[in-house]
There are 2 protein chains.
Amino acid sequence: MTTGTTSPTASGGAPSGSRSLAHPAREDIRLEGVLHALADPMRLRIVCALAAAEGELTCADVELPVSKSTCTHHYRVLREHGVIQQVYRGTAKMNGLRRADLDTLFPGLIDGVLRAADLQAGRLGDG
Amino acid sequence: MTTGTTSPTASGGAPSGSRSLAHPAREDIRLEGVLHALADPMRLRIVCALAAAEGELTCADVELPVSKSTCTHHYRVLREHGVIQQVYRGTAKMNGLRRADLDTLFPGLIDGVLRAADLQAGRLGDG
DNA sequence: GCCGTACTACGACGATTATCGTACGAACGC
DNA sequence: GCGTTCGTACGATAATCGTCGTAGTACGGC
């Protein structure tokens, strides 16, 4: 999805995505890293929101009770551990879950975590 | 919390093995806590060993490349986050996975993590 | 009663982390 | 061009964590 058709409006020309971000290859994603990334409440919220959106969200789309710097930090942790992918798009940065990679490496893991988060949310505060 | 050290030979009530350890109630187990507990390589190893044993193991049964103090620390983290239960039995302390509680709260989560750990072990070390 | 085994408590230490504020850069619209 | 919006980089800071060693406690066997 991200590759293929480059610029949507195509007026920019050559390297429209000049700002690029380093992502770990699928083989480099480690279970402990993923678990660590998911173990933080803020990051778990981000991941849940991304999963619920089933698409890309900007960093600002997920409301978090922390400063913008901290926000950037959490997104970076998620990206560097292979949980999400990030692509610049204009002034915004789109975030998406790396479901395909994660499901291939650890089938059922993300589903289990998302389901667990959902159950816990219902159990704790959502009544 | 500063209790203990009292009534080692108290009659009645508690059984003679009265050294008891505080475990969180099932309702108090939090997903972030479980994920955090599982995110450490040593602790993940312990949990995998416990799951493979399908029973109780002493702390010393799981060989870890760390000192005994560190070992105790990791077991305590696992217990305090509701991942394992610990019971004194003579001089030994038996450790067991809290599968029933975890599966009730977060169905599929532990299975997913264990399977992921297994897959990753095969992918990395086995060739 | 004494000793060995199994685990713990405590203090220490370095490394990592989560958080913030401020200053900066990159793209868009005017 | 200029300003706005969105995100980043860089320090700074306090908290947490993983690790260790040493000293200590509980239990069982002799």
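Letters A, B, ... are given to chains in the order of the sequence lines, protein chains preceding strands, and every chain is numbered from 1. Fair warning: this is a prediction, and the values are worked out from it, not measured in the lab.
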(request) For A:Thr91 and for A:Arg76, locate the closest nucleotide of DNA chain D by heavy-atom distance; then report the residue assigned to the nucleotide nearer the 5' terminus. (result) A:Thr91

(message) Expressed as a whole number of angstroms, how long is the span from B:Glu32:CD to D:dT16:P?
(response) 16 Å

(message) Is it the case that the base of C:dG21 and the side chain of A:Ser69 share a donor-acceptor contact (distance under 3.5 Å, atom types as modelled)?
(response) yes

(request) Take the protein atom CE of A:Met94 and the nucleotide atom P of D:dG7, then report the distance between them rounded to whole Å. (result) 9 Å

(message) Within the structure provided, determine whether B:Leu21 and B:Arg76 are in side-chain contact (heavy-atom separation under 4.5 Å).
(response) no

(request) Using distance alone, with no hydrogens and no angle criterion, decide if B:Asp101 and B:Thr104 have a side-chain donor and acceptor under 3.5 Å apart. (result) no

(message) Between P on D:dC17 and CG on A:Leu35, what's the gap in Å once rounded to a whole number?
(response) 16 Å

(request) Let me know the distance between NE2 of B:His73 and C1' of C:dG14, rounded to the nearest Å. (result) 14 Å

(request) Would you tell me if any nitrogen or oxygen in the side chain of A:Tyr88 comes within less than 4.0 Å of OP1 or OP2 on D:dC6? (result) no

(message) What is the distance, to the nearest angstrom, from the OH atom on B:Tyr75 to the C1' atom on D:dC17?
(response) 19 Å

(request) Please state how far atom CG in A:Asp61 lies from atom P in D:dC6, giving the value in whole angstrom units. (result) 10 Å

(message) Between P on C:dT16 and CG on A:Asp40, what's the gap in Å once rounded to a whole number?
(response) 18 Å

(request) Return the 5'-most residue of the pair B:His36, B:Lys68 with respect to DNA chain D, ranking by each residue's nearest nucleotide. (result) B:His36

(message) Nearest to the side chain of B:Ser67, heavy atoms from C-beta on, is which of C:dA18, D:dG7, D:dG21?
(response) D:dG21

(message) Once you apply a heavy-atom cut-off of 4.0 Å, does A:Arg43 come out as touching a base, just sugar-phosphate, or nothing?
(response) sugar-phosphate

(message) Below the 4.0 Å mark, does D:dC20 have OP1 or OP2 next to a side-chain nitrogen or oxygen of B:Thr70?
(response) yes

(request) Flag the pair B:Leu102 / B:Leu109 as yes when at least one side-chain heavy-atom distance between them is below 4.5 Å, and no otherwise. (result) no

(request) Select base, sugar-phosphate, or nothing to describe what A:His74 touches, counting heavy atoms under 4.0 Å on all strands. (result) sugar-phosphate

(message) Between P on C:dT16 and NE2 on A:His81, what's the gap in Å once rounded to a whole number?
(response) 12 Å

(message) Among residues at least two apart in sequence or on other chains, which ones pass ring-ring contact (aromatic ring centres under 6.0 Å, His included) with B:His81?
(response) B:His36

(request) Take A:Val66 and B:Leu21, find for each the nucleotide of DNA chain C with the closest heavy atom, and name the residue whose nucleotide sits nearer the 5' end. (result) B:Leu21

(message) More than 12 heavy atoms of other residues, nucleotides or ligands under 6.0 Å from CZ of A:Arg26: yes or no?
(response) yes

